[in-house]
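Single-structure report; data block below.
Reminder, nothing fancy here: chain letters follow the sequence lines and each chain counts from 1. Note that the structure is predicted; figures quoted are calculated from it, not measured.
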Amino acid sequence: MIDYKEIEAKWQKAWEDARVFEGEVSEKPSYMVTAAWPYVNTPLHIGHLRTFGTADVLARYKRMRGFNALYPMGFHATGTPVLAFAKRIKNGDKEIVEELKTFHVPEQEIAKMTDPVYIASYFIKETGNVFMRAGFSIDWRRQFVSTDPFFSKFVEWQFGILNSKGYLTKGKHPVGWCPNENNAVGMHDTQHDVEPEIEQEVAVKFKVDGEDAYMLCATYRPETISGVTNLFVNEKEKYVACNIGGDGKRYYMSKASAGVLKFQADVAVLEEVDAQKMLEKTCANPVTGAKLPVLPGFFVKGDLGTGVVMSVPAHAPFDYAALERLRKEGRLTQEIKPIKVLDVEIGRSLSDVKAGEAKPSQMDVPAFAYLEILHANPDAIDDMLEFATKLEYREESHWGKMIAKGYEGMSEPEAREKVKGELLAKGDAIELYVLQNAPVLCRCGYAVVVKIVDDQWFINYGNEKWKEETKSYMKEMRLLPDKTRNAFDAAVDWIDLRAVARAQGLGTRFPLDNTKIIESLSDSTIYMSFYTVSHLLKGVATEKLKPEFFEFVFRGAGDAEKVAASTGIDYALVKRCKEAFEYWYRDTSRHSAPDLIYNHLTMYVYNHIAVFDKRYWPKQIVTNGFVLSEGEKMSKSLGNIVPAIDGIEKYGADPLRINEIAGSDLPSDSEFSDKAVRGIQERLEYLQNTIADLDKLESGEMKRIDYWLYSKLNDKVDYATKAMDALELRSAYIPIFYDSVLELRRYIARGGNNGIAVRDFVSAIVLMLQPVAPHVSEELWHMLGNENFASLEKWPVANEEMSNAKVEAEEALADSVVDDAKQVIALMQKKMGKKAKRLHVIVASDWKRALVNAMAKEKNVGRALDAVKGAQGVNQELAAKIAGTLAKRMNEVRETGSTQLEEFDGVEEAAPYIAKQLDCDVAVEMEEKSKSQRAGRSMPMKPSLDVELE
RNA sequence: GCAGGGGUGGCGGAGCUUGGUCAAACGCGGCAGACUCAAGAUCUGUUGGCCAUAGGCCUGCGUGAGUUCAAAUCUCUCCCCCUGCACCA
């Protein structure tokens, strides 16, 4: 048994005492690894350990490869979540209290969490402790928090640069808004953490007959405008006439929607209008001029869109159903004929309806046809109509072809953009924003609305020059795994204006508007560079950290003496900071989960390009998959979140690290499972036992099997090193950790007992385990009699001389003899009920090798036969037969490496092993000398087997 | 809807870049045996399916087509799943 707790504590203390991971500027090449700093409002669960752990493995690996590797860490506390957290605690929110309890946060601590500062300090302490216990090789002297005043100075300087480059702009922007609290609301501010999803819609104006007024209809499908037959309102809803943006015209919409719309435009309500009055009006289709009645629609909601709906019965199941119901009730005074605007093959995406086989009765009214193929009718419940709507909408936008005049043959999305553009251009429509997932409730209980904020500051990632520069630099960057490149390219392209100033939250004040706080992702785009000097600045008064200091240190502008003089910072320190930055920030690796590609990581690249010289731009970004718990995604609702500290306590840091970090390659999710971690513990113990038993082995002469073990070791080192360089951790650790144990077992079974060989083998394994299992590695390394830290040792180097393909092939041959013979023996036993007494292994003659080699070389039967003609012992008839067989798989024929004698020796040496595996005698024979009838069947590296029964 | 990723045994997942030597490395689970009074742990063997029975054959990589002497791998089609979509960490 390995006492993980004990060895973890022991080595963590030893590393700390010896300051093993404290990075100082030196002659060695530097390598700096950073991971996205954790946000301080949640305790870590085992899933969090993957990203930080992957970064640690890289830092530890690079250290072994001769780099001066640095792994700093800080904490993120800016933004609103900590404030929201404190508020929830203050309100006695049970959900959050329960959650904290699953992480063993004591009640008296929870009670103190009404204070945001306390929350931050508590989680900084706890998270730091977890990182320590996990064995991360972090230089803790450099730790800082995003709310630290000296870091704010740095952020202010950064924004000065962005501003000077013209990357900060001001404008209008839609946000989720609580009318009660008068605040922008994001996900953290809503009940059940719902993100307010803002979507842009078009509201079409329908001129009301006989009035200087318009009906305003919000719609997602302006392209169906020529199919509009009427408008719908809700009879029970209140309507208003109002003025928008002072254009002097009257607009009709629901009272509720006017209340919402006033956050987006200058809306002045003129008077209330009874719904019945609305029904008396008629209006005109702005495109076709058709006269449209206003009818009651059962499904119309006053608080959605504008409360007035344009009806397209040909393409909208709800509209069709509403008209049919009116007709049934006898309330439809005039015939309304659906107008089809596009063609589509109905039911194409349904698995139980084969393409073209859906045969609805009325092809000219798709909305009805969709109800038909779903076996529904206009009286169906809303959910059914909703389903039909989604299906129709999807198929039409996917495969539909417009037939409406002027848009013939266009796809629906194409037509939508065109129609929308035309309507807007002619002033027949306005754009408005809606909450797609309404109603969203603010934590205060009020419904969230969309507000257009008009004095919003943005970082303009849409700036052409900046975008181009970033785009072209992406090509030079190393991305792991490389397939994230597509996502990065898309993100760099897509990212545009990003609102940067917020009214609330912790953080740095926005320099261009001191009433605002810099949004919390935007203050964390170049913070990693600050680690290079953070420990040096801890004693410096904040007010001394003027822009010219940062300009000098990070951009090389000005000179040290002047900077020292104007800031009051010690001259030597100024110089030291500059050196530190320039030394550490050349070769870097940035780590996170892939969900940050579309925001943080892309902003990270952009901002580096804006601020630094090219040589300090990011070199590598590593993103890793998530961690599943027993096959399920970890989530509060499933209750399967395992706190990181629990995992470490229960399984030990190293088994957990191996499971999570080396358990899968970067892009895939890794799976945490109790069983798997226990399997890892067993293997670690096998290695420990092997080392403990080393002195029971001899140190005699090298035997064939020892060469085999060295050869396997060499292959392993070679393969693992390549995989590690690509950070393919699972690929690296299968040979290091799993195959090695299998090979050691085979070595022993094969009769290997050379203490030196095993020691060499295990020593290399122990060293290669260091990055991922540092504590066990240190422990075993010292058990092996070494005195240095494994953490500071060199990574094993592949030695080509150790590689021995011939011995490996011969050992593989022995295994295949065992496999084949096993089958035959089992068969004999079954058929004859007799046990095998002796296995004859008959090694093929040399002329057969010559024949195979000639075939491999000549690729021609005739020439190959000529080549062996007259050779010793050759049987031309058999040769022709063999050549004929080989010819069928000509491309697969390879030259054989060994002679008959060599092959014979190989099998002969493995004979005791083979005998033991088969539980019978083994006789190895040369083909020429064998008396067996089966001797002729032997082929090079495929000896003939003959089982002699009892 | 848009964008990105994916679909391979009972399960997690290799293999796809560079077509053949390869279907399934490695792990989990299952089965059989050893050890044990027994259980657990451990060790050994076995494990896609089917038909065979002297070391073999057939069939299989979401669907359908195509290119090729040859396709899990290349091209196209369709279906399905996951993730993200902005001021939010």
### Query
In the strands shown, is A38(B) matched to any nucleotide by a Watson-Crick or G-U wobble pair with both distances under 3.5 Å, and which?
none
### Query
Which is true for R416(A) with a 4.0 Å heavy-atom rule: it touches a base, it touches only sugar-phosphate, or it touches nothing?
nothing
### Task
Between U63(B) and U75(B), how far apart are the C1' atoms? Round to whole Å, please.
16 Å
### Query
To the side chain of D739(A), which of G56(B), A54(B), C26(B) is closest?
C26(B)
### Task
Considering non-hydrogen atoms only, spot the tightest contact between L813(A) and P943(A) and give its length.
CD1-CD, 3.4 Å
### Task
Name the nucleic acid region contacted by H76(A), choosing base, sugar-phosphate or nothing; use a 4.0 angstrom heavy-atom cut-off, strictly under.
sugar-phosphate
### Task
Indicate yes or no: at least one non-hydrogen side-chain atom of V922(A) is less than 4.5 angstrom from one of V907(A).
no
### Task
Could you tell me which nucleotide pairs with A71(B) by Watson-Crick or G-U wobble geometry, both distances under 3.5 Å, or answer none if nothing does?
none
### Task
Between V947(A) and P174(A), just flag the one whose closest nucleotide in RNA chain B comes earlier from the 5' side.
V947(A)
### Query
Can you tell me how far P in U67(B) sits from the matching atom in G27(B), rounded to whole Å?
42 Å
### Query
Which whole-number value in Å describes the distance from R937(A) CZ to A54(B) P?
10 Å
### Query
Rounded to the Å, how far apart are I597(A) CD1 and C85(B) P?
13 Å
### Summary
L168(A) atom CG is separated from C87(B) atom C1', nearest whole Å, by 15 Å
### Summary
By nearest-nucleotide position on RNA chain B, the 5'-leaning member of L742(A) and L521(A) is L742(A)
#### Entry: Minimum-distance nucleotide to E682(A) side chain [options: U42(B), A86(B), G55(B)]
U42(B)
#### Entry: Integer angstrom distance from the P of A54(B) to that of C35(B)
33 Å
### Query
Which base, if any, makes a Watson-Crick or G-U wobble pair with U83(B), both distances under 3.5 Å?
A3(B)
### Query
Over how many whole Å does the gap from K822(A) atom NZ to A32(B) atom C1' extend?
13 Å
### Task
Could you verify whether a donor N or O on one side chain and an acceptor N or O on the other, from S664(A) and R50(A), lie under 3.5 Å apart?
yes
### Query
Looking across every strand, which nucleic acid part, if any, lies under 4.0 Å from N599(A) by heavy atom: base, sugar-phosphate, or nothing?
base
### Query
Is C58(B) paired to anything, Watson-Crick or G-U wobble with both distances less than 3.5 Å, and if yes, which nucleotide?
G49(B)
### Message
Does D919(A) have more than 12 heavy atoms from other residues, nucleotides or ligands lying within 6.0 Å of its CG?
### Response
no
### Task
Tell which nucleotide pairs with U18(B), taking only Watson-Crick or G-U wobble pairs whose two distances are both under 3.5 angstrom.
none
### Summary
Rounded to whole Å, CG of D815(A) lies from C1' of G45(B) at a distance of 14 Å
### Nearest to side-chain heavy atoms of I734(A), which nucleotide of A54(B), C87(B), A25(B)
A25(B)
### Summary
Among C87(B), U46(B), A54(B), the one nearest any side-chain atom of A499(A) is C87(B)
### Query
From G55(B), G27(B), C87(B), pick the nucleotide closest to the side chain of D820(A)?
G55(B)
### Query
Would you say the side chains of H76(A) and S524(A) form a donor-acceptor pair under 3.5 Å?
yes
### Task
Could you give the distance separating A14(B) and C2(B) at their C1' atoms, to the nearest angstrom?
32 Å
### Distance between P atoms of U8(B) and U44(B) (Å, rounded)
31 Å
### Task
Kindly label the base of G66(B) as syn or anti, based on whether its glycosidic torsion lies within 90° of 0.
anti
#### Entry: Distance, P atom - from C79(B) to C26(B), rounded to whole angstrom
38 Å
### Message
With heavy-atom distances below 4.5 Å as the criterion, would you say the side chains of E808(A) and D715(A) are in contact?
### Response
yes
### Summary
The Watson-Crick or G-U wobble partner of C43(B), with both key distances under 3.5 Å, is G33(B)
#### Entry: Pair Y527(A)-N607(A), side-chain donor/acceptor within less than 3.5 Å
no
### Query
Is a side-chain N or O of R934(A) found less than 3.5 angstrom from the main chain of V947(A), in a donor-acceptor match?
no
### Summary
Separation of C87(B) atom C1' from K170(A) atom NZ, nearest Å, is 17 Å
### Task
Check every strand shown and say whether P38(A) touches a base, only sugar-phosphate, or nothing at a heavy-atom separation below 4.0 Å.
nothing
### Task
Measure from CG on D919(A) to C1' on G33(B) and round the result to the nearest Å.
13 Å
### Nearest heavy atoms of A720(A) and M768(A), plus distance in Å
CB-SD, 4.3 Å
### nucleotides 2-14 of chain B: protein proximity per nucleotide (B base, S sugar-phosphate only, - neither; heavy atom, under 4.0 Å)
-SSSS-----BSS
### Task
Quote, to the nearest angstrom, the C1' distance that separates A39(B) from U46(B).
24 Å
### Message
Suppose we define a pair by two distances each less than 3.5 Å, Watson-Crick or G-U wobble; what does C28(B) pair with here?
### Response
G10(B)
### Query
Is there a donor-acceptor contact under 3.5 Å linking the side chains of D523(A) and T78(A)?
yes
### Task
Write down the distance between CG (D674(A)) and C1' (A41(B)), rounded to a whole number of angstrom.
14 Å
### Task
Provide the distance between the two C1' atoms, one in U18(B) and one in A86(B), to the nearest whole Å.
40 Å
